[in-house]
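What follows is a short report on a single structure.
We use all heavy atoms of the structure for the numbers below, so side chains are in, but hydrogens, waters and symmetry mates are not. Owing to the predicted nature of the structure, the values given are computational and were not obtained by experimental measurement. Throughout, a chain's letter reflects where its sequence line sits, starting with A, and its residues are numbered from 1.
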Amino acid sequence: MESTVTGRKNGDQPPVVQYDGVVKRFGSLTVLNGVSARVNKGEVVCLIGPSGSGKSTLLRCTNALEIADGGRVVFEGQPLPKTEAELRHVRRRMGMVFQNFELFPHMTALENVAVGPITILGADPAEARAKAQALLEKVGLGAKGGNHPSALSGGQQQRVAIARALAMDPDVMLFDEPTSALDPETIGEVLNVMKRLAEEGMTMVVVTHEMSFARRVANWILVFDEGRVIEEGPPAQIFDAPTHARTQSFLSHLGWNG
Amino acid sequence: MDFDFSPILDNWRFLVQGLLITIELSVATIVAATLVGIALGLGRVYGPGWLRVPLTFYVDSMRAIPVLVVLVWTFFAFPLVTGVTLPPFWAALAALTLHISAFVSEILRAGLNSIRPGQVRAARALGMSGAQIVRKILFPQAVVRMLPAYGSLLSVTIKDTAIASVIAVPELMRQSETIAAQNYAPIEVFTTAMLAYFLILFPVTRAVEAFYRRVAHLGRS
């Protein structure tokens, strides 16, 4: 499906998410300084770059957990609405996965996955629970539905969190450093679930420091520095032949040898 | 020194009546103060600005004024101001509820504020409304987190019912005073009263603690 027009997957179709000169300030600090980018249908776009470069903030501007101060975010052809009530409807179509999982500790794994459809979409509880069980099986946790988060490892909690986001049938999944809080031995199980999602054609925006994941799974890489996208391209280009000096130094700091 | 416990044996029905009223007043106060306190706490944390100021003033006042003063005012001054006289039991229930609910609201507020912002972010990202987030995500966790402090407050509440004796509510303390005075047996009667309070309170505090240990993980995010 590589488009010869733009060199990007589904580049000939309207993007799922488009950022037009997004600006975000916290007080006097400018965190995003005019970011423009697009995410096409079925693409895995990885956001890489040093801490504090604005990657996570752009992700939060995507589903309006943070409201951009300038520019605009366009989702499926519509700029993000202004009112909280309208934004809630948009957020339901975007799944989000957090660094610290943020499972709801008072609910079992199954309830965590089912709570969105039941509470927000008014789904039939029995159907929602059956679907939640299927999603837990999909992330390899079919036997853990009755466990509370406190009885799950970090990797298991993050997989439940992915299932929770998928339960809303999102059009795009946003991952905010999903493996940064994990023990090394459980990172792989989360990345495998994400890789499988990508293979199924899920549109994904991933903030990550896992360069090998970005290299193997991403279709497109955005390199952030000081609130800007300083370089973008397919992984082969970014990792093997980065043109920007800051990209080169960032990658070499991570011990990336191409 | 000779001890004579016969006044207690002779008047055990009278004392048990007092004990039952102590329990009734305690349970009624706990239920009412918990409901009012939850409403106050939610109002202070999530209510509109114009509501927060008077609620905060109310809570601060109740924390600053001795419960005995509130009780005496409710029983003796309130009827003069409003023309409505409350029977002693109801005056005690009202005064204790006014007082204890302020503390319930503070405990709930602390519990709600202690939940990390990521929980709200996760619920918002799913598409929940503010009311859904409070009801489904924050309130249940806050309730678990407030259990230890709430358990202490339960003991304080049960103990505080003893001051209802000053407005002649026939609860355990009042009945004990009567028997002690009639028989001049303060050591025997008041020791028995102490023991009775202890026997009610000890299991309550233990039970809350044991319950908290079982559910603490449900509030840990």
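- Between the CZ atom of A/F104 and the CG atom of B/L138 there is a distance of 9.0 Å, given to the nearest 0.5 Å.
- Among the candidates B/G219, B/G127, B/P140, the residue making the largest number of heavy-atom pairs closer than 4.5 Å to chain A is B/G127.
- The side-chain heavy atoms of A/H106 and B/V144, taken from C-beta on, include no pair separated by under 4.5 Å.
- Side chain of B/Q119 to main chain of A/P105: no donor-acceptor pair is present (N/O by atom type, distance under 3.5 Å, no hydrogens or angles).
- Across all their heavy atoms, B/A125 and A/L65 have their closest contact at N-CD2, 4.1 Å.
- Listed options A/V115, A/V97, A/I120 were ranked by heavy-atom pairs under 4.5 angstrom with chain B; first place goes to A/I120.
- For A/R60, the part sitting under 4.5 Å from any heavy atom of chain B is the side chain, from C-beta outward, and nothing else.
- By the 6.0 Å contact criterion, NZ on A/K41 is open, its count of non-hydrogen atoms from other residues, nucleotides or ligands being 12 or less.
- Salt-bridge check for B/R124 with A/E84: passed, with a basic side-chain N closer than 4.0 Å to an acidic carboxylate O.
- Enclosure of atom CZ in B/F76 by more than 12 non-hydrogen atoms of other residues, nucleotides or ligands within 6.0 angstrom is indicated.
- Between the NZ atom of B/K136 and the CD1 atom of A/I118 there is a distance of 7.5 Å, given to the nearest 0.5 Å.
- Considering OG1 of A/T119 and CE of B/M128, their distance stands at 4.5 Å, rounded to 0.5 Å.
- Rounding to the nearest 0.5 Å places CG of B/L126 at 11.0 Å from CZ of A/R91.
- With chain B as the partner, the residue from A/H89, A/E102, A/M168 showing the most heavy-atom pairs under 4.5 Å is A/E102.
- Around the CZ atom of A/R25, the shell of radius 6.0 Å holds no more than 12 heavy atoms that belong to other residues, nucleotides or ligands.
- A heavy-atom distance below 4.5 Å is not found between the side chains of A/N100 and B/R121.
- In this structure, no portion of A/A167 lies under 4.5 Å from any heavy atom of chain B.
- Within 6.0 Å of CZ in A/F26 there are more than 12 heavy atoms belonging to other residues, nucleotides or ligands.
- Contact annotation for A/L87: neither backbone nor side-chain heavy atoms come within less than 4.5 Å of a heavy atom of chain B.
- Across B/R135, B/H217, B/R220, the residue that shares the most heavy-atom pairs under 4.5 angstrom with chain A is B/H217.
- Ranking A/R164, A/R93, A/M94, A/M96 against chain B, the residue ahead of the rest is A/R164, based on heavy-atom pairs under 4.5 Å.
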